[in-house]
Each structure stands twice: as C-alpha cells, then as structure tokens.
Colleague: 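Can you read through this structure? Questions will come right after.
What you see is a predicted model; the values in this text were computed from it and never measured.
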Amino acid sequence: QNGLVHLQEIDVDMRPRDLFGEIGVFAHEQKRTCTALCKTDVDLFTLSFDEVRRCYFLNPQFAYYVMYLITNRLMADRDRFQDSID
C-alpha cells in the first residue's frame with residue numbers, strides 16, 4: 001500500500017501497489033526466490049496461501065494477473081542470467 005521494498009537478489013524496487021511473493025505462494029514448500037527489504041516505512045497487504053488459492057479459483061482476472069506476473073518475472077530472470085554470461 002505504501003513505501004518501497006527492495007528485492008535484494010535481483011536489485012529491483014517494488015513500489016506501492018506492486019504485488020510480490022506470488023512465486024513463493026505456488027512454489028514447492030512456499031519457498032521465496034528473493035529477500036524483501038523495506039527501504040522506507042511500509043504498509044503491506046498480505047494474503048495467506050488459502051486466500052490466494054480461493055481468489056485464484058474464484059476470480060479469473062486475479063488468476064490471469066498472477067500468471068502474467070510469474071511469467072514476466074521468470075522472463076526477467078532469464079534475461080538477467082543471459083546478460084550475466086554474455
């Protein structure tokens with residue numbers, strides 16, 4: 001809702017209204033891919049695994065948006081990896 005969160009391993013700043021943690025929700029054992037560090041005071045909304053699952057199955061727009069985010073993050077990871085070996 002408010003504040004800046006930095007994803008340390010990929011050097012990305014999340015801004016108000018950005019969604020993060022979506023990969024960890026669907027990952028085996030709900031493992032996160034990045035460390036989130038607050039750069040400022042932060043107010044966040046959270047959803048439990050059960051709440052995300054419920055939203056995913058009941059709201060097609062939410063499900064599509066989560067798939068869109070995960071795909072974009074995976075493609076960005078691929079690009080960062082490719083840049084690191086070039």
Colleague: Output the rest of the hydrophobic cluster of Phe81: all Ile, Leu, Val, Met, Phe, Trp and Tyr residues reachable through side-chain heavy-atom contacts under 4.5 Å, sorted by chain and number.
Modeller: Ile85
Colleague: Less than 3.5 Å apart, which donor and acceptor atoms pair up between the side chains of residues 56-68 and the rest of the protein, not counting sequence neighbours?
Modeller:
from	atom 1	to	atom 2	distance (Å)
Asn59	OD1	Gln61	N	3.0
Asn59	OD1	Phe62	N	3.2
Tyr68	OH	Asn72	ND2	3.3

Colleague: Applying side-chain contact (heavy atoms from CB on, under 4.5 Å), can you list everything that pairs with Asp50, at least two apart in sequence or on another chain?
Modeller: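 side-chain contact (heavy atoms from CB on, under 4.5 Å) check on Asp50 returns Ser48, Arg54.
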Colleague: Pairs in or reaching into residues 74-86: which pass side-chain hydrogen bond (donor to acceptor under 3.5 Å, both in side chains), with residues at least two apart or in two chains?
Modeller: Asp77-Arg80, Gln82-Asp86
Colleague: What donor-acceptor contacts under 3.5 angstrom involve side-chain atoms of residues 33-47, with partners at least two apart or in another chain?
Modeller:
from	atom 1	to	atom 2	distance (Å)
Thr35	OG1	Glu9	OE2	2.7
Lys39	NZ	Asp13	OD1	3.3
Lys39	NZ	Asp13	OD2	3.1
Thr40	OG1	Leu4	N	2.9
Asp43	OD2	Asn2	ND2	3.4

Colleague: Can you give the donor-acceptor pairs under 3.5 Å from side chains of residues 16-26 to other protein atoms, not counting sequence neighbours?
Modeller:
from	atom 1	to	atom 2	distance (Å)
Asp18	OD2	Arg15	N	2.8
Glu22	OE1	Arg73	NH1	2.8
Glu22	OE2	Arg73	NH1	2.5

Colleague: If a pair satisfies salt bridge (Lys or Arg N to Asp or Glu O under 4.0 Å) and one of its residues is in residues 55-70, list it, with sequence neighbours excluded.
Modeller: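 For residues 55-70, and leaving out neighbouring residues, there are no salt bridge (Lys or Arg N to Asp or Glu O under 4.0 Å) pairs at all.
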